[in-house]
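Note on naming: letters A, B, ... go to the chains in the order of the sequence lines (proteins, then strands), and numbering restarts at 1 for each one. For clarity, every value in this text was computed on a predicted model and none was experimentally measured.
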Protein chains: 2
Amino acid sequence: MSTTVHAGSTERLLTPGEVAALFRVDPKTVTRWASAGRIGSIRTPGGHRRFRESEVRSMLADLTSEATLPPARP
Amino acid sequence: MSTTVHAGSTERLLTPGEVAALFRVDPKTVTRWASAGRIGSIRTPGGHRRFRESEVRSMLADLTSEATLPPARP
DNA sequence: GATCACTAGGGTAATTAGGGTC
DNA sequence: CTTGTCCTAATTACCCTAGTGA
């Protein structure tokens, strides 16, 4: 089947180990995220998982979103 | 110059426990710093926090220059 | 065809988050 | 006002063996 895999697939896929290194977690944890549906995953014919780099980077963009810097007073 | 954050994915991350060990405080205290916006943090999909090593080192450097600087001698 | 690194899967400890209190 | 400690629930880390990927 020649599907339209040519257009938007310039997307780089990351392995569980690579994603784990970016988040500073164990590769098994990344697998658990995929099983829980917290992160999109693509399975190889053999059952291994691959993750979209753009999606992973979007999650990492959550920098300093804890507090909304209140008016600093001296 | 200031630290630019546009390529931050290659940044090494530290766990709350590691940061706590560096500052000699309780991990709970590190969590409070993050909640107060005193330190930047990245959240894993599971809700756990990760901290940038470079930022932590900068804060540690500030502590060193706080009172450990004797009169500079020529 | 054979080798090596990585991954899936399950099960059990260790960390962390969150609130409340001193 | 900041820190340390109490609790419970959730998330994560490390153990193993077999299969997949390159």
Is any side-chain heavy atom of Arg32(A) closer than 4.5 Å to a side-chain heavy atom of Thr29(A)? yes

Would you tell me if any nitrogen or oxygen in the side chain of Thr29(A) comes within less than 4.0 Å of OP1 or OP2 on dA13(D)? yes

Interatomic distance, CZ@Phe23(B) vs CH2@Trp33(B), rounded to 0.5 Å, equals 5.0 Å

May I ask you to evaluate whether Arg49(B) reaches the phosphate of dT15(C), defined as a side-chain N or O under 4.0 Å from OP1 or OP2? no

Would you find more than 12 non-hydrogen atoms of other residues, nucleotides or ligands less than 6.0 Å from Arg43(A) atom CZ? yes

Rounded distance (Å) that lies between atom P of dC14(D) and atom CZ of Arg24(A): 8 Å

Would you please confirm or rule out a distance under 4.0 Å between OP1 or OP2 of dT2(D) and any side-chain N or O of Trp33(B)? no

For Thr31(B) and dT16(C), is the shortest distance between a side-chain N/O and OP1 or OP2 below 4.0 Å? no

Among the candidates dA17(C), dG20(C), dG9(C), find the nucleotide nearest to the side-chain atoms of Pro16(B). dA17(C)

Are Ile39(A) and Leu13(A) grouped together when hydrophobic residues (ILVMFWY) are joined by side-chain heavy atoms under 4.5 angstrom apart? no

Quick one: Glu18(A) CD to dA5(C) P, roughly how many Å, whole number? 17 Å

Any chance you could measure Arg57(B), atom CZ, to Leu22(B), atom CG, to the nearest 0.5 Å? 8.0 Å

Hey, what do you get for OG1 (Thr44(A)) to CZ (Arg49(A)), rounding to the nearest 0.5 Å? 10.0 Å

Can you check the Phe23(A) CZ to dA13(D) C1' distance for me, whole Å? 17 Å

Taking only nitrogen or oxygen atoms into account, show me every contact under 3.5 Å that the protein makes with nucleotides 6-9 of chain D, one pair per line with its distance.
none

Establish whether the base of dT3(D) is bridged to the side chain of Arg38(B) by a donor-acceptor pair shorter than 3.5 Å. no

Which of the following nucleotides, dA17(C), dA8(C), dT5(D), is nearest to the side chain of Arg32(B)? dT5(D)

Expected rows: protein N/O vs nucleotides 19-21 of chain D N/O, under 3.5 Å:
| unit_1 | atom_1 | unit_2 | atom_2 | d |
| --- | --- | --- | --- | --- |
| dG21(D) | OP1 | Thr44(A) | OG1 | 3.0 |
| dG21(D) | OP1 | Gly46(A) | N | 3.0 |

Nearest-angstrom distance from the residue atom CG of Asp26(A) to P of dG10(C): 16 Å

Distance col, row Leu14(A):CG vs Glu55(A):CD, nearest 0.5 angstrom, shows 10.5 Å

